[in-house]
Amino acid sequence: MRIATYNVNGINARLPVLLKWLEETKPDVACLQELKAPDEKIPKQEIENAGYTAIWHGQKRWNGVAILAKNGLEIEETGRGLAGEPEDEQSRYIEAVINDTTIGCLYLPNGNPAPGPKLDYKMRWLQRLSKRAKELLDSDVAVVLTGDYNVIPTEKDVYKPERWFDDALFRPEVRKAFHELVAQGWTDAIRKLYPEETIYTFFDYFRNAYQRNAGLRIDHFLLSPHLTNKLKDGGVDNHVRGWEKTSDHAPVWIELEE
DNA sequence: ATGCCTAACTCCGTTAGA
């Protein structure tokens, strides 16, 4: 089963790129973030025509997440939003069971400018995610938690670490919270497959970052223990970042043994 | 320390992204 994650940065602005990528790579499951569209403006028909059924949690202007499953796969939604902050109206988490695997699709808050209320929200969101992650581990099912974590895990995952120390994507408390989440028993799938390589999933639109390979690794796959030995392959669809009218993120994918 | 680039929404500037 091929599972992909892709921060599209506007599903309508990115529709031709999204459809081309789906056609080219044919993932069984695609987790999308930053739809930037309310529910009624999700291009449902085009997604269906591409051969996918979808569930989504949209929002006007910002945020928004969706899970697409290839026709023939059943998709059963098991939750949207994270517990612990009822007043939180940002659409950043959707979860479903597909093929006996629980898939959490997440768009973690950016947190900048930091310090400040946005970083505080990010830290609370990380705690709420950790709580859900622990519940899923304790439930003893196969789980993939994937999406745009907005966390650079180590110095290896950023082109110039010294420029990012104060940034909400790389600050010590953010990295610490991410590493504590992983330490619950999760596996960072891409880092497991490529322990030493420089791998980036995001390239700023500014200053030809993609052409200069000045990137960040912030889109991740966390696997529950059931799946660590089923991880066959994975990677970044780097070339998609070079397409016209493309997102600033590149799609990331893994292949799990059935 | 900030802009660079891009999108959405509302109106041609503001807010947010990372």
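By convention in this document, chain letters (A, B, ...) are assigned in the order of the sequence lines, proteins followed by strands, and residues within each chain are numbered from 1.
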### Message
For Lys26(A), I'd like to know if atom NZ has over 12 heavy atoms of other residues, nucleotides or ligands within 6.0 Å.
### Response
yes
### Query
Once you round it to whole Å, what is the distance between P of dT15(B) and CD of Gln90(A)?
16 Å
### Query
Rounded to whole angstroms, how far apart are CG on Asn110(A) and C1' on dT15(B)?
13 Å
### Whole-Å gap separating C1' (dG3(B)) and CG (Asn208(A))
14 Å
### Message
Give me the distance, rounded to whole Å, that separates dT14(B) from dT10(B) when you measure between the C1' atoms they each carry.
### Response
9 Å
### Task
Figure out the CG/C1' separation between Asp167(A) and dA1(B), and round it to whole Å.
14 Å
### Query
Which part of the nucleic acid, if any, lies within contact of Asp148(A), taking any heavy atom under 4.0 Å across all strands shown: a base, the sugar-phosphate backbone alone, or nothing?
sugar-phosphate
### Message
Quick test of your reading of the model: are Lys44(A) and Glu48(A) salt-bridged, counting only N-O distances below 4.0 Å?
### Response
yes
### Message
If I pick the P atom on dT2(B) and the same atom on dC12(B), what distance separates them, to the nearest angstrom?
### Response
26 Å
### Task
Measure the acute angle between the ring planes of Tyr93(A) and Trp125(A), then classify it against the limits of 30° and 60° as parallel, tilted or perpendicular.
perpendicular
### Pairing residues for Phe165(A) by the ring pair (Phe, Tyr, Trp, His ring centres under 6.0 Å) criterion, not counting sequence neighbours
Phe170(A)
### Query
Please walk me through it: do Asn110(A) and Lys122(A) pass side-chain hydrogen bond (donor to acceptor under 3.5 Å, both in side chains)?
CA-CA 7 Å; Asn110(A) 175 296; Lys122(A) 179 178 196 169; 5.7 Å; no
### Message
Using whole Å, what does the distance between atom P of nucleotide dA1(B) and atom CZ of Arg163(A) come to?
### Response
13 Å
### Query
Tell me: CG of Leu119(A) to P of dA18(B), nearest whole Å?
14 Å
### Task
Answer yes or no: does a side-chain N or O of Lys118(A) lie under 4.0 Å from OP1 or OP2 of dA18(B)?
no
### Query
If we take the P atom in both dG3(B) and dC9(B), what is their distance in whole Å?
24 Å
### Message
So, using side chain to side chain contact (heavy atoms under 4.5 Å, CB included) as the criterion, who are the partners of Glu255(A) when residues are at least two apart?
### Response
Arg2(A), Lys232(A), Asp233(A), Trp253(A)
### Task
Looking at every strand, decide which applies to Tyr107(A) at a 4.0 Å heavy-atom threshold: base, sugar-phosphate, or nothing.
sugar-phosphate
### Message
Using a heavy-atom cut-off of 4.0 Å across all strands, would you classify Asn7(A) as base, sugar-phosphate, or nothing?
### Response
sugar-phosphate
### Task
Between dC11(B) and dA1(B), how far apart are the C1' atoms? Round to whole Å, please.
31 Å
## Note on the structure
With B for base contact, S for sugar-phosphate-only contact and - for none (protein heavy atoms under 4.0 Å), nucleotides 4-11 of chain B reads BBSSBBS-
### Task
Measure the distance from CG on Asn150(A) to P on dG17(B) and round it to the nearest whole Å.
9 Å
#### Entry: dA16(B) OP1/OP2 closer than 4.0 Å to side-chain N/O of Tyr121(A)
no
### Query
Per the side-chain contact (heavy atoms from CB on, under 4.5 Å) rule, which among Leu193(A), Ile190(A), Val252(A), Asp157(A) passes with Ile199(A)?
Ile190(A)
### Query
Just checking, any donor-acceptor pair under 3.5 angstrom between side chains of Thr102(A) and Glu95(A)?
no
### Query
What's the OH-P distance between Tyr149(A) and dA18(B), to the nearest Å?
15 Å
#### Entry: Below 4.0 Å: OP1/OP2 of dA18(B) and any side-chain N or O of His249(A)
yes
